[in-house]
Amino acid sequence: MPESKVVLITGASSGFGKETAGLLADRGFRVYGTSRNPSVVAMRAGQRVLLLNVDSDESVDACVKQLLEEAGRLDVLVNNAGYVLTGGVEETSVEEAKAQFETIFFGAVRMVKAVLPTMRKQGSGQIINISSIAAKLPVPFEPYYAAGKAALLSWSEALRYEVKNFGIKVSVLEPGFFRTNLGYVMQGAKNTIGDYDRMRKLARSALDDDFQKGRDPKIVAETILRIIESKTPKLEYVVGKEKRYLTIRGLVPRSTFEGVARKHWKLDE
């Protein structure tokens with residue numbers, strides 16, 4: 001490419017972020033990854049790691065300012081930072097639910113608001129938000145993760161309408177289950193309720209199995225590369241073998257699909 005595109009990837013220390021940072025650097029992009037602990041992140045040639053806590057306005061502003069001072073422009077933002085909060089609706093406190101939204105929804109909101117002035121001035125830019133298939137196929141005992149990712153999807157569609165005339169593209173990636181550490185660094189609600197213990201444990205065992213059988217996260221990185229290289233990227237990209245369940249849900253009665261889902265999550269065993 002005549003001039004290396006500058007890409008900012010949040011949550012680049014592991015999983016999708018790390019894979020994407022590596023792939024884009026190998027393809028000649030100028031990659032800035034972020035982490036709450038940048039000193040422990042090993043970055044390769046063509047990569048730079050910046051300190052970032054997406055829960056903080058000050059941290060977001062400082063991160064974007066540092067990137068612009070060094071690179072002079074920003075072509076692509078990939079919002080990937082996040083974690084999973086587990087716990088039933090009744091078990092999860094409002095404060096815990098807010099914290100989940102603070103990272104997986106408002107964290108992306110902060111990042112986008114911080115980079116839009118630069119992208120508008122450039123007359124070009126691209127925003128790729130990492131949602132989840134859980135936005136459409138919620139997982140039991142992860143209700144606020146599903147809700148946050150669904151909010152991100154709807155918000156991104158509205159954003160896409162608003163910024164297209166400024167030459168800014170917006171897409172959302174909705175991965176299914178992949179072999180990342182996301183399933184092993186979950187945060188649980190502090191106050192559990194005994195009546196839910198059996199269902200929660202069985203659902204978690206099914207979830208662990210899904211992660212173990214998940215696909216290679218490189219597939220997500222390759223999809224992000226295709227989105228960046230596309231002249232007319234779509235709004236939504238569902239990635240993973242679970243995509244077929246969205247098709248099935250549209251073909252069978254909702255009660256039938258619900259029964260299949262309950263069986264998968266072992267809720268009635």
Q: If you count the non-hydrogen atoms of other residues, nucleotides and ligands that lie under 6.0 Å from CZ in F106, is the total more than 12?
A: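 No.
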
Q: If you group Ile, Leu, Val, Met, Phe, Trp and Tyr by side-chain heavy-atom gaps below 4.5 Å, do L173 and L137 land in one group?
A: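 They do not share one cluster, since no chain of ILVMFWY contacts under 4.5 Å joins L173 to L137.
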
Q: Got a donor-acceptor contact below 3.5 angstrom from the Q47 side chain to the A21 backbone?
A: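 Judged by distance alone, yes, a pair lies under 3.5 Å.
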
Q: Side chains of E90 and I193, heavy atoms from C-beta outward: is any pair under 4.5 Å?
A: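 Yes, side chains in contact.
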
Q: Going through the distances and angles, do L235 and S171 end up as a side-chain contact (heavy atoms from CB on, under 4.5 Å)?
A: CA-CA 4 Å; L235 170 64; S171 296; 5.9 Å; no

Q: Check whether any side-chain N or O of K149 sits under 3.5 Å from a backbone N or O of I130 as a donor-acceptor pair, and report yes or no.
A: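 At least one qualifying donor-acceptor pair exists.
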
Q: Under the criterion salt bridge (charged side-chain N to carboxylate O under 4.0 Å, His left out), I'd like the reasoning laid out for E96 against K190: C-alpha separation, chi angles, the key distance, then a yes or no.
A: CA-CA 9 Å; E96 289 170 326; K190 293 180 180 179; 5.7 Å; no

Q: Which residues pass the salt bridge (Lys or Arg N to Asp or Glu O under 4.0 Å) test with E229, not counting sequence neighbours?
A: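 Expected list: none.
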
Q: Tell me, do F177 and Q212 make a side-chain contact under 4.5 Å, heavy atoms counted?
A: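 No; the side chains remain at least 4.5 Å from each other.
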
Q: Does S230 use its side chain to pair, donor to acceptor, with the backbone of R226 at less than 3.5 Å?
A: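 Checking the backbone N and O of R226 against the side chain of S230, no donor-acceptor pair under 3.5 Å is found.
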
Q: Over all heavy atoms of both residues, which pair between G148 and I104 is shortest? Give the atoms and the distance, please.
A: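 Heavy atoms of G148 and I104 come nearest at CA-CD1, 3.8 Å.
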
Q: Mind checking the CD-OG spacing from E236 to S156? Nearest 0.5 Å is all I need.
A: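 If we round to the nearest 0.5 Å, E236:CD and S156:OG are 9.5 Å apart.
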
Q: Would you say that more than 12 heavy atoms from the other residues, nucleotides or ligands in this model lie under 6.0 Å from the NZ of K243, or not?
A: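 12 or below, so no.
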
Q: Establish whether V260 and Y245 are linked, either directly or via other cluster members, by ILVMFWY side-chain heavy-atom contacts under 4.5 Å.
A: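 As far as the 4.5 Å side-chain criterion goes, Y245 and V260 are not connected within one cluster.
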
Q: So, for G88 and P143, which heavy atoms are closest and what is the spacing to 0.1 Å?
A: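 Distance-wise, the nearest heavy atoms are C-CG, 4.4 Å.
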
Q: Is there a side-chain contact (heavy atoms from CB on, under 4.5 Å) between R73 and S124 once you walk through the steps?
A: CA-CA 10 Å; R73 63 179 295 111; S124 66; 3.9 Å; yes

Q: Count the heavy atoms belonging to other residues, nucleotides or ligands that lie under 6.0 Å from CG of N191, then report whether that count exceeds 12.
A: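 Result for CG/N191: open.
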
Q: Considering non-hydrogen atoms only, spot the tightest contact between Q126 and I228 and give its length.
A: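 For Q126 and I228, the tightest heavy-atom pair comes out as OE1-CA, 3.4 Å.
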
Q: Crowded around D57 CG? As in, over 12 foreign heavy atoms under 6.0 Å?
A: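 Buried by this count: over 12 neighbours within 6.0 Å.
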
Q: Using 0.5 Å steps for rounding, measure from the CE atom of M199 to the NZ atom of K266.
A: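 Here the rounded value is 15.0 Å.
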
Q: How close do T103 and G82 get, heavy atom to heavy atom, and via which atoms?
A: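 It is CG2-CA, 3.8 Å.
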
Q: Are I127 and K169 close enough that some pair of their side-chain heavy atoms sits under 4.5 Å apart?
A: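 SC-SC contact between I127 and K169 ruled out.
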
Q: Tell me whether the count of non-hydrogen atoms from other residues, nucleotides or ligands lying under 6.0 Å of CD in E258 goes above 12.
A: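 At most 12 heavy atoms, drawn from other residues, nucleotides or ligands, come within 6.0 Å of this atom.
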
Q: Using modelled atom types only, decide if a donor and an acceptor are shared between the side chain of N53 and the backbone of S59 within a distance under 3.5 Å.
A: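 Pair absent, no side-chain N/O of N53 close to backbone of S59.
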
Q: With a 3.5 Å distance limit and no angle check, can you tell me whether T256 reaches the backbone of V252 through a side-chain donor-acceptor pair?
A: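 Flag not set: sc T256 to bb V252 has no pair under 3.5 Å.
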
Q: Would you check if the side chain of Q122 reaches a backbone N or O of L74 as a donor-acceptor pair within less than 3.5 Å?
A: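 At least one qualifying donor-acceptor pair exists.
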
Q: Nearest 0.5 Å, please: how far is OG in S131 from NZ in K136?
A: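 These two atoms lie 8.5 Å from each other.
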
Q: With the 4.5 Å side-chain cut-off for hydrophobic clustering, are L159 and V172 part of the same group?
A: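 Hydrophobic grouping puts L159 apart from V172.
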
Q: Taking the side chain from S4 and the backbone from G28, do they hold a donor-acceptor pair closer than 3.5 Å?
A: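 Such a contact is found between S4 side chain and G28 backbone.
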
Q: Above 12 or not: heavy atoms from other molecules or residues under 6.0 Å from CZ of F178?
A: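 Yes, CZ of F178 has more than 12 neighbouring heavy atoms, counting only those of other groups under 6.0 Å.
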
Q: Apply the test side chain to side chain donor-acceptor pair (under 3.5 Å) to residues E174 and Y237: give CA-CA distance (whole Å), side-chain angles for both, the deciding distance (0.1 Å), then the verdict.
A: CA-CA 6 Å; E174 300 159 53; Y237 292 81; over 6 Å; no

Q: So L207 and M186, do their side chains get closer than 4.5 Å, heavy atoms only?
A: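 The answer is yes; the side chains approach within 4.5 Å.
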
Q: Same cluster or not: are V238 and L225 linked, directly or through other Ile, Leu, Val, Met, Phe, Trp or Tyr residues, by side-chain heavy atoms under 4.5 angstrom apart?
A: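 As far as the 4.5 Å side-chain criterion goes, L225 and V238 are not connected within one cluster.
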
Q: Flag the pair K234 / I227 as yes when at least one side-chain heavy-atom distance between them is below 4.5 Å, and no otherwise.
A: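 In short, these two side chains do not touch, never coming nearer than 4.5 Å.
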
Q: Does T86 reach the side chain of Q187, with side-chain heavy atoms less than 4.5 Å apart?
A: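 They are not in contact (no side-chain heavy atoms under 4.5 Å apart), so the answer is no.
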
Q: Stepwise, does the salt bridge (charged side-chain N to carboxylate O under 4.0 Å, His left out) test hold for E222 with R27?
A: CA-CA 11 Å; E222 291 166 353; R27 296 299 180 92; over 6 Å; no

Q: What is the distance from atom CG of L202 to atom CG of D197, rounded to the nearest 0.5 Å?
A: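 CG of D197 is found 10.5 Å from CG of L202.
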
Q: Could you tell me whether the side chain of V60 reaches within less than 4.5 Å of the side chain of D55, counting heavy atoms only?
A: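 The answer is no, as the side chains (C-beta and beyond) never meet within the 4.5 Å cut-off.
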
Q: Calculate, to the nearest 0.5 Å, the distance between atoms CD1 and OG belonging to I9 and S35 respectively.
A: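 Rounded to the nearest 0.5 Å, the CD1-OG separation comes to 13.0 Å.
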
Q: Indicate the atoms forming the closest heavy-atom contact of D268 with R262, along with that distance.
A: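 That would be OD1-NH2, 2.7 Å.
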
Q: If we ignore hydrogens and angles and just use 3.5 Å, is the side chain of N80 paired with the main-chain N or O of G11 as donor and acceptor?
A: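 Yes; judged by distance alone, with no hydrogens or angles, the pair exists.
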
Q: For Y83, does its backbone N or O pair with a side-chain atom of Q100 as donor and acceptor, under 3.5 Å?
A: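 Yes, Q100 side chain to Y83 backbone: donor-acceptor pair under 3.5 Å.
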
Q: Do the side chains of D61 and K65 get close enough for a salt bridge, i.e. N-O under 4.0 angstrom?
A: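 Between K65 and D61 there is no salt bridge, as every charged N stays at least 4.0 Å from the carboxylate O atoms.
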
Q: Using modelled atom types and a 3.5 Å cut-off, is there a donor and acceptor pairing between side-chain atoms of R30 and backbone atoms of A25?
A: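 No; zero donor-acceptor contacts below 3.5 Å.
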
Q: For the CD1 atom of I224 and the CD1 atom of I219, what is their distance to the nearest 0.5 Å?
A: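 I224 atom CD1 to I219 atom CD1 measures 12.5 Å (nearest 0.5 Å).
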
Q: Between P140 and A203, what is the shortest heavy-atom contact and its length?
A: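 Shortest heavy-atom separation between P140 and A203 comes out as CG-CB, 4.4 Å.
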
Q: Is there a side-chain contact between V112 and W155 in this structure, where contact means two heavy atoms from C-beta onward sitting under 4.5 Å apart?
A: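 A side-chain contact under 4.5 Å exists here.
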
Q: Go through it in stages, so that I can follow the logic: the residues are Y145 and V139, the test is side-chain contact (heavy atoms from CB on, under 4.5 Å), and I'd like the CA-CA distance, side-chain angles, deciding distance and then a yes or no.
A: CA-CA 9 Å; Y145 180 78; V139 175; over 6 Å; no

Q: Pair R48, V31 - check side-chain contact (heavy atoms from CB on, under 4.5 Å), show working.
A: CA-CA 6 Å; R48 175 97 157 79; V31 178; over 6 Å; no

Q: Step through the shown structure and confirm whether more than 12 heavy atoms of other residues, nucleotides or ligands are within 6.0 Å of CZ on F257.
A: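 Atom CZ in F257 is packed in, count exceeds 12.
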
Q: Answer yes if M111 and L50 sit in the same cluster of Ile, Leu, Val, Met, Phe, Trp and Tyr residues linked by side chain heavy atoms under 4.5 Å apart, and no otherwise.
A: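 In one cluster: yes.
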
